[in-house]
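Below, chains carry the letters A, B, ... as their sequence lines are ordered, and counting in each starts from 1. Just so we're clear, the structure is a prediction, and the values are computed from it rather than from any experiment.
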Amino acid sequence: MKHKPIVVQVVIDKPLAQGFDYLWDAEKLGNLPEIGHIVEVPFARSKVIGLVIKVSDHSEYEIEKLKTIDRLAPLPPLDPASLRLMNFASQYYVHALGETILPTIPKMWKKAEDWEKAHKKLESAGKQAKKDGNVIAEGLINQDQLNSSQKNALQALLSEGQKRNLFRAILLQGQTGSGKTAVFLNWLASILQDESAQVLLLVPEINLTPQLERRVRAYFPNKKMAVLHSGVSEKKRGVAWYEAMTGKAQIILGTRLAALTPMPNLRAIVVDEEHDPSYKQQDGTRYSARDLAIWRAHDQKTPILLSSATPSLETWMAAQSGRYEYIRLDQRAQGASLPGVHLINTRDPQNQFSPGDADAPKQKSLITKTLARAITKTLKAKKQSLILINRRGYAPVLSCSACSWLSKCTQCSTYTVMHKAGALGRRSVLSCHHCGLIKSIPSFCPDCGNADLKTLGHGTQKLEDAIEEMWPHARVLRVDTDSSRKSKGAEALFQEIHDGNVDIVVGTQMIAKGHDYQNIGLVAVLDADSRLYSADFRAAERLFAQLVQVAGRAGRSGTAGDNGGDIFIETQYPESPVFQYLLRHDVDGFMAFTASEREEAGLPPCSYQALVHAESKSLDKAIRFLTELKVHMKTKGLITKELKVYDPVPKPVMRVAGSERAQLLIESVNRKVLQEALEAVDLELRQDSQGRISKVSRIRWLIERDPIAI
DNA sequence: AGCACGCCGACT
DNA sequence: GTCGGCGTGCTC
Ligand SMILES: [Zn+2]
Ligand SMILES: [Zn+2]
């Protein structure tokens with residue numbers, strides 16, 4: 001009589017709902033199996049990496065057909081809490097468990113050939129880290145140096161928080177410059193007095209700069225910190241993940257992708273700038289790192305702190321209703337006053353240049369007279385100006401002066417943007433911002449042969465030219481992804497601004513992030529209207545957060561006795577609520593107004609949404625596919641008073657890189673009802689698909705939970 | 001998803 | 001006669 005076999009179930013990185021059973025040869029692998037082990041398995045005609053999710057002594061599958069596990073990774077199994085998190089994410093976002101877990105494991109641990117030398121790698125990395133560890137820590141503000149408002153906030157955090165095993169969600173709301181970071185870093189430091197404790201600090205992609213890293217390090221001089229973001233090399237990422245999942249690192253600082261890092265001794269989570277859209281993953285399993293972090297804190301009974309000057313409506317409402325604790329930090333730490341907000345009505349001729357004005361530019365001005373004169377004043381005061389426009393390139397479209405030709409992308413339903421020489425290459429080009437296609441600029445109109453082609457509208461490049469012409473003696477710098485790619489990255493450009501080597505900065509929203517500039521006198525936003533004018537119901541909420549953020553840049557000038565700067569917004573609709581609340585610096589007023597709007601319309605956070613995306617060669621087929629799905633949902637009785645299914649519509653940018661896209665919106669006031677409907681939809685679609693491509697008409701489909709843009 | 005198997009049209 | 005189109009089914 002033979003021993004009972006050891007059978008393990010393994011999930012792999014494929015959109016397959018089921019796991020696969022394998023035999024475990026304990027002698028060969030040198031270990032008994034545990035749930036959470038990472039293994040290499042033979043699958044079809046190749047070898048793949050998988051994760052053990054079940055251990056037993058029998059299989060539903062014919063036992064003699066089972067293959068044997070090839071190799072076991074030299075790692076401890078993922079801890080049970082992390083596996084619960086993965087399981088939840090897989091269900092909630094309607095993706096297979098394997099394709100949810102495996103992408104969160106760094107590549108270094110998915111190369112079975114390298115597993116044998118893995119520990120040598122870790123050793124050499126350890127030596128390197130000792131050298132790197134000498135980076136200067138800076139920006140420490142210890143508990144005694146906090147202002148009274150900060151001290152109160154910290155007190156509130158600590159009073160309850162020392163109790164173990166207690167879920168708390170806390171919103172820390174305070175303006176830019178109110179010192180939120182110092183509060184939560186001091187809080188984390190006190191939690192880390194427990195030697196084995198681990199904490200997770202999530203920050204938006206763009207905020208995770210070397211400066212921030214140094215600043216965080218300053219608070220934890222004797223602790224090990226692991227940094228995880230997309231810019232970290234594969235090897236360093238593998239090491240950081242290893243240190244987190246083994247409990248060797250106490251502070252895990254990272255972006256969205258760090259939210260799913262296993263941490264066996266997790267004691268607290270901070271999500272900084274919790275409203276930031278970069279927390280939402282936009283491909284693969286489309287999770288929200290913030291929402292997963294909240295679930296994780298709840299599941300593991302640890303506190304989570306959400307920090308923002310302009311919270312997401314979801315978080316703000318939870319705090320208002322008492323579901324979250326609410327800590328306010330409204331005293332400006334550095335004694336700087338709030339920036340003055342100025343709305344410039346572009347329809348008012350008084351604000352525009354007239355031909356007689358001495359300072360009017362030769363061509364039609366790209367900015368209002370009111371703004372131009374404010375910039376002149378700022379220059380005279382030896383202060384810097386930031387001018388924002390969220391449009392890269394020279395002009396958003398090229399046109400023919402004789403016929404109706406416009407520069408369109410051949411692969412997308414969009415215009416190609418003109419970039420002048422130097423930005424994307426040596427020559428001027430037309431570039432599609434959706435598919436990346438780059439074409440040379442035609443000398444003649446392709447339709448009528450006319451040689452006179454004109455640009456329509458303007459982007460950062462053209463604005464830069466115009467500004468240089470209007471203030472020939474000013475030092476002008478352009479900051480956008482094009483200019484930062486050309487120089488040594490955005491950091492180098494930010495440093496120029498910080499060092500005062502620049503008078504006027506022209507750029508996209510990216511200028512507003514990260515850095516702490518000292519001498520900004522003026523911030524101008526030129527394209528607020530185009531950001532507000534959008535089919536997406538969250539457009540106003542996003543714009544408000546962006547405007548508050550850039551206003552914070554102007555107000556941040558910390559030199560004592562100095563006034564804060566000014567923010568100028570050019571708009572046709574100064575009476576719009578977004579601007580009116582901004583004018584009064586009334587964040588809560590805006591939130592309350594938006595909340596009541598959403599409630600009335602039954603939109604999130606007062607309801608829950610999901611999108612079914614469909615993509616195919618022709619829009620027709622995609623729409624028909626979604627229509628059939630809707631009909632199916634109806635016949636199955638899924639559409640009820642509590643579950644609304646809209647008609648399928650083309651996506652805002654319908655065609656991208658040759659494929660045409662449509663979407664179906666599903667909405668419910670009841671989370672559970674929505675979840676069940678989505679699971680039914682997933683099952684139905686899977687049945688007629690291979691992976692996520694339908695058998696008939698070859699439609700690529702995807703379910704997205706809690707979409708942030710509709 | 002990725003891949004092999006298999007059954008029909010048009011092309012050396 | 002065979003090359004290749006993609007519909008179908010399988011992967012422990
Ligand atoms: Zn023409
Ligand atoms: Zn394109």
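Across A:A244 and A:I252, no two heavy atoms sit closer than the pair CB-CG1, 3.6 Å.
Legend: residues meeting side-chain hydrogen bond (donor to acceptor under 3.5 Å, both in side chains) with A:S312, ordered by chain and number and at least two apart, are A:E274, A:R290, A:T315.
Taking atom CD of A:E99 as the reference point, atom P of C:dT11 lies 20 Å away to the nearest angstrom. The CD1 atom of A:I6 sits 20 Å away from the P atom of C:dC12 (whole-angstrom rounding). In this structure, A:D21 atom CG and C:dC10 atom C1' are separated by 16 Å, rounded to whole Å. Computed from coordinates, the A:R698 CZ to C:dG5 P distance equals 13 Å when rounded to whole Å. Rounded to whole Å, atom C1' of C:dT11 lies 14 Å from atom NZ of A:K47. Straight-line distance from the CG atom of A:D70 to the P atom of C:dC12: 11 Å, rounded to whole Å. The distance between atom CG of A:L16 and atom P of B:dG2, rounded to the nearest whole Å, is 11 Å. One atom, CG of A:L66, and another, P of C:dT11, lie 12 Å apart when rounded to the nearest Å.
Distances shown here put every side-chain N or O of A:K695 at or beyond 4.0 Å from the OP1 or OP2 atom of C:dG7.
Among the protein residues, A:Y22 comes within range of the sugar-phosphate backbone only, with heavy atoms under 4.0 Å from sugar or phosphate atoms but none that close to a base. Among the heavy atoms of the strands lying under 4.0 Å from A:K14 is at least one base atom, whether or not backbone atoms are also near. Within 4.0 Å of A:Q9, counting heavy atoms only, lies no atom of the nucleic acid at all. Using a 4.0 Å heavy-atom cutoff across all strands shown, A:I693 reaches sugar-phosphate atoms only and no base atom.
Each of A:R45 and A:R700 has a nearest nucleotide on DNA chain B; the 5'-most of these lies closest to A:R700.
Stacking between A:Y61 and the base of C:dC12 is present: ring centres sit under 5.5 Å apart and the planes differ by under 30 degrees.
Counting non-hydrogen atoms of other residues, nucleotides and ligands closer than 6.0 Å to CZ of A:R700 gives a total of 12 or fewer.
Taking the six-membered ring for Trp and thresholds of 30 and 60 degrees, A:F167 and A:H298 have ring planes more than 60 degrees apart, a perpendicular arrangement.
A salt bridge links A:D299 with A:R84; the closest basic N to acidic carboxylate O contact falls under 4.0 Å.
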